[in-house]
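What follows is one structure encoded as structure tokens, with my remarks underneath.
What's counted below: heavy atoms across the whole structure, side chains too, no hydrogens, waters or symmetry copies. Naming convention: chains lettered A, B, ... in sequence-line order (proteins, then strands); numbering from 1 in each chain.
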Amino acid sequence: MRPFGQHIHALILITLAVLLIVLNIFMPSLVSKVRITFTDMFAPFMHAAAKPGEAIQGISTALQDVAGVREENKKLQQEVNELRAWRDLAQQQADENKTLRGLMKYKDESVINFLTARVIAEVGGNFNNSVIVTAGSRDGVVKNMIAMGEDGVVGRVIETGEWSSRVLLFNDLNFRLPVMLEGTQLRAILSGEGAGLPKLLFIPSEVDVKPGTRVVTSGHGGLFPPNLPVGILQERKGGDAWLNPYAKLDRLQVVRLVQYSLAGGDKNPMNQELKQGAPEAPPSLLPGNPNKAHP
Amino acid sequence: MSNPLHRFEEFGKACLPVLSCVLFLLLMIVPWPTPTAKAILSAFPLMALCYWVVNRPEHFSMAWSFIIGFIQDVLLGQPLGVTALTYLAADFFLRGQRQFFLQQSFQHLWMVFGIVMIGVSAAQWLVASLVIRAWVDVTPVVLRAVIGILFFPLVTLVLHYLQRSVFSRS
């Protein structure tokens, strides 16, 4: 038989838990503030706890590197040769663009600043997927910054504390991103599916799109700039399509946080919100000195 | 009057169950080289909670179940209170029956943990479905629950060894 005090104790705690759940619905901003404050408090512990995992990963990568160094070298040499041709073409097109913009008095529409942050926690449950990075508001991180991995988009910043920030990955159930299928100008919405591959919504079933088609950001909504690589079309079944992401979302070590805003973008409500929430950017984030690595 | 060293030892003993849960929480969220590690480690805090509630309830009050659940919600970015509530429910159920569980074999306790794990996973799945207002895929929940149940003996063995080595000293 349980003592009466234990029942009261349980009742108080259960009421408190239910109140917290209700707070999520009615006061999401307060909940977000509480969450990031606690995350900030735990950041040093997470940083320390991540060290053994990093060491294991380092050893495993080093062993793989040694084993495949000859093959890798051959592959890289081939890639360098191909990229040289692309570089020449890019240089040629950049010069041409510059000349044409000068002729048309074209005003550059975007301002992009970025910083690099280390991933200290991968906080994935069954359905939610996010990472915590070691850069916060003191480093110039603001809500809605774009997170990029080595190969493409990985998500966006949803909470910013003083020392750490939470990045919602694009395989989270709550993530939506306007994308475009390259070469077709066909637009779709990328939707996170938890553990499975992300889905591409609103692709008309009568439109013939081949698996392997590159998927990039469309730039709609003003939050993400256009043409950032996201992944390739993996599979298509009727009206449903799945994306194979470029970024390895379960093996992120470092992410680049990019602040994108339209020049003089006061008309864009998304960017207005971004500006209001943003502290004064440190000198390292100002245009002209855009790159900042954060350990 | 007890000496400071003895008091420090007692304090260490009292903290052990909570610290083990927090350690498992941290292990669960730090980046690992393989995604499988994350699936295996995701049930460890619940396993530790079940173990300490049954074996050392005097060092693991119901408030700790709430706090561990709350910290998990905070770090995982889940709606606050959901894991806290499910952990409280598991705690309430186990604490009420602990005398009975202590007289049973390990296989029986394993089965009980299986039931608790299924209940907690079902609650998480329901909340996720409510949040996005659609039935979400149940496969990852089932997989993680099965992995959690399979690893219960290993975690129990580690905690049992820890308990014996710390609490047997007087």
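Closest approach of Ala49(A) and Leu26(B) over heavy atoms only: CB-CB, 4.2 Å. Between Val74(B) and Arg166(A), the shortest heavy-atom distance links the atoms O-NH2, 2.7 Å.
Sparse packing is recorded around CZ of Phe45(A), with 12 or fewer heavy atoms of other residues, nucleotides or ligands lying under 6.0 Å away. Around atom OH of Tyr246(A), more than 12 heavy atoms belonging to other residues, nucleotides or ligands sit under 6.0 Å away. Around CZ of Phe106(B), the count of heavy atoms belonging to other residues, nucleotides or ligands within 6.0 Å exceeds 12.
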May I have the list of side-chain donor-acceptor pairs in residues 14-24 of chain B shorter than 3.5 Å, sequence neighbours left out?
| residue | atom | partner | partner atom | Å |
| --- | --- | --- | --- | --- |
| Ser20(B) | OG | Leu16(B) | O | 3.3 |
| Ser20(B) | OG | Pro17(B) | O | 2.7 |
| Ser20(B) | OG | Trp52(B) | NE1 | 2.9 |

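For the atom pair CG (Leu19(A)) and CG (Leu80(B)), the distance works out to 12.0 Å, reported to the nearest 0.5 Å. Residue Trp64(B) holds its CH2 atom at 12.0 Å from CG of Leu13(A), rounded to the nearest 0.5 Å. To the nearest 0.5 Å, the span separating CG on Leu76(B) from CZ on Arg35(A) amounts to 10.0 Å. With rounding to the nearest 0.5 angstrom, the CE atom of Met62(B) is 9.0 Å from the NE2 atom of His7(A).
Of the residues considered (Val119(A), Ile12(A), Leu23(A), Leu16(A)), Leu16(A) shows the highest number of contacts with chain B, using heavy-atom pairs under 4.5 Å. Annotation: maximal heavy-atom pairing with chain A below 4.5 Å, among Leu27(B), Thr139(B), Leu85(B), occurs at Leu85(B).
Proximity to chain A involves both the backbone and the side chain of Leu75(B), based on heavy atoms less than 4.5 angstrom apart. Heavy atoms closer than 4.5 Å to chain B are found in the side chain of Ser130(A), but not in its backbone. Both the backbone and the side chain of Ile14(A) come within contact range of chain B, judged by heavy atoms closer than 4.5 Å. Interface residue Ala63(B): backbone and side-chain heavy atoms are both found under 4.5 Å from chain A.
Within the structure, every pair that satisfies the salt bridge (Lys or Arg N to Asp or Glu O under 4.0 Å) test and touches residues 50-71 of chain B, not counting sequence neighbours, is listed here: Arg56(B)-Glu58(B). For residues 99-118 of chain B, no residue pair satisfies the side-chain hydrogen bond (donor to acceptor under 3.5 Å, both in side chains) rule, not counting sequence neighbours.
In this structure the side chain of Ile21(A) reaches within 4.5 angstrom of the side chain of Val82(B), judged on heavy atoms. Residues Met46(A) and Ile29(B) are in side-chain contact: their nearest non-hydrogen atoms beyond the backbone lie under 4.5 Å apart.
Of all residues in residues 65-73 of chain B, those placing a non-hydrogen atom less than 4.5 angstrom from a non-hydrogen atom of chain A are Phe66(B), Phe70(B), Ile71(B), Asp73(B).
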